[in-house]
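Everything below concerns the one structure shown next.
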Amino acid sequence: MEDGRRQPVTVLLREWHRGNPSALAQVAEIVDRELRRLASSYLRRENPGHTLQPTALVNEAYLRLIGQAERIDWESRSQFIGIAARHMRQILVDHARRDIAAKRGAGATTIPLDDAPASCQPRSVDLMDLDEALNKLAEVDPRKAQAMELKYFGGLEMAEIASVLNISVKTVEKDVRMAGAWLRAALRGQET
């Protein structure tokens, strides 16, 4: 991660945690492209006419991260991306709730559930239903819910998820498969 001028993200995150405000700016510069890519990916899945822009989503996530910097023991770049992804998920859900409230229930924001088996056609899932299902899964099995959130909302690879959760890649793969099946069943139950 080092390019001669920059420190690794993990070192900068720890500096930020210790109160160095310039470290956050350096982290933001390093991970900004990836967060914007994630934000663009999320927003492409939204309904046409969605008013939230990738820059606004990333900026709001940064503001939320800044608000909790002192409470997190930063360990890695993957952890940072994972936490930013969780904030983006919450921002999208909050935005969808405001839109629906403004339209008085005229429709919900949908996103494709891209963890469906290859034999199934991707379908759209209501973002608030997915959020509710992930929250219910977290009550039953927090690790599986976190693995799915890191994969789906964080865009992390299995090895990165394993690093964040401090488990093996095989365990992550099993958790993601089981969480995906659980979420599909939960979402089917919400549709009926």
Side-chain angles (χ1 to χ4, degrees), residues 1 8-14 16-17 27 31 34-35 37-39 41-42 45 57-58 60-62 64-94 96-97 109-120 122-191:
M1 203 53 53
V9 170
T10 304
V11 172
L12 292 168
L13 288 168
R14 289 183 181 144
W16 179 33
H17 180 71
V27 169
V31 299
E34 185 167 354
L35 291 178
R37 180 188 57 76
L38 285 172
S41 173
Y42 299 154
R45 297 179 238 171
L57 183 55
V58 169
E60 181 67 26
Y62 278 136
R64 291 184 184 194
L65 282 165
I66 290 168
Q68 69 178 161
E70 295 174 1
R71 296 183 307 234
I72 297 175
D73 184 20
W74 296 104
E75 297 173 10
S76 68
R77 178 183 169 284
S78 296
Q79 179 197 30
F80 179 85
I81 298 292
I83 292 171
R86 174 171 286 163
H87 286 303
M88 285 188 205
R89 169 185 160 203
Q90 287 309 122
I91 292 162
L92 288 169
V93 169
D94 292 347
R97 284 187 179 126
T109 304
T110 60
I111 58 174
L113 185 60
D114 67 4
D115 67 322
S119 62
C120 297
R123 61 187 183 92
S124 291
V125 174
D126 179 84
L127 180 59
M128 290 186 300
D129 288 345
L130 178 59
D131 181 61
E132 184 179 333
L134 273 170
N135 288 337
K136 286 180 182 175
L137 176 58
E139 291 172 9
V140 175
D141 194 326
R143 189 184 73 204
K144 285 181 181 65
Q146 189 175 11
M148 186 57 84
E149 182 176 66
L150 290 168
K151 176 185 182 299
Y152 184 74
F153 287 94
L156 299 183
E157 300 294 325
M158 297 297 182
E160 293 172 307
I161 297 168
S163 175
V164 169
L165 298 179
N166 199 27
I167 58 177
S168 73
V169 173
K170 289 223 180 268
T171 301
V172 170
E173 290 169 347
K174 183 179 95 176
D175 282 358
V176 166
R177 273 193 315 275
M178 292 179 75
W182 195 97
L183 288 170
R184 283 188 296 278
L187 291 168
R188 273 193 304 271
Q190 289 176 355
E191 291 174 357

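As a basis for the values below, the full set of heavy atoms in this structure was taken, side chains included, without hydrogen atoms, waters or symmetry mates. Nothing here was measured: the structure is a model prediction, and the numbers come from that model.
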> Looking at Leu35 and Tyr62, what are the two nearest heavy atoms and their distance?
Replying inline: CD1-OH, 3.5 Å
>> Tell me the closest heavy-atom pair linking Ala84 and Ala61, and the distance in Å.
In response: O-CB, 4.2 Å
> How would you list, by chain and number, every residue that makes a salt bridge (Lys or Arg N to Asp or Glu O under 4.0 Å) with Arg37, sequence neighbours excluded?
Replying inline: Glu34
> Taking only residues two or more places apart in sequence, or in another chain, which ones meet Asp141 in a salt bridge (Lys or Arg N to Asp or Glu O under 4.0 Å)?
Replying inline: Lys144
>> Ring-plane angle category for Trp16 and Phe80, please: parallel below 30°, perpendicular beyond 60°, tilted otherwise.
In response: perpendicular
Any side-chain heavy atom of [X] sitting closer than 4.5 Å to one from [Y]?
X: Gln90; Y: Asp131; value: yes
X: Glu132; Y: Met128; value: no
X: Val172; Y: Leu150; value: no

> Quick check: are there more than 12 heavy atoms from other residues, nucleotides or ligands sitting under 6.0 Å from CE of Met158?
Replying inline: yes
> Got a sec, which pairs hit salt bridge (Lys or Arg N to Asp or Glu O under 4.0 Å) with one end in residues 153-174, sequence neighbours left out?
Replying inline: Arg77-Glu160
>> Tell me every residue that passes side chain to side chain donor-acceptor pair (under 3.5 Å) with Arg143, counting only those two or more places apart in sequence or in another chain.
In response: Asp175
>> According to side chain to side chain donor-acceptor pair (under 3.5 Å), who are the partners of Arg86, at least two apart in sequence or on a separate chain?
In response: Glu149
> Can you list the residues that meet the side-chain contact (heavy atoms from CB on, under 4.5 Å) rule with Ala39, with sequence neighbours excluded?
Replying inline: Pro54, Leu57, Val58, Met88
> How long is the span from the CG atom in Leu183 to the CE atom in Met148, to the nearest 0.5 Å?
Replying inline: 5.5 Å
> So how far is it from Thr171 OG1 to Ile161 CD1, rounded to the nearest 0.5 Å?
Replying inline: 12.5 Å
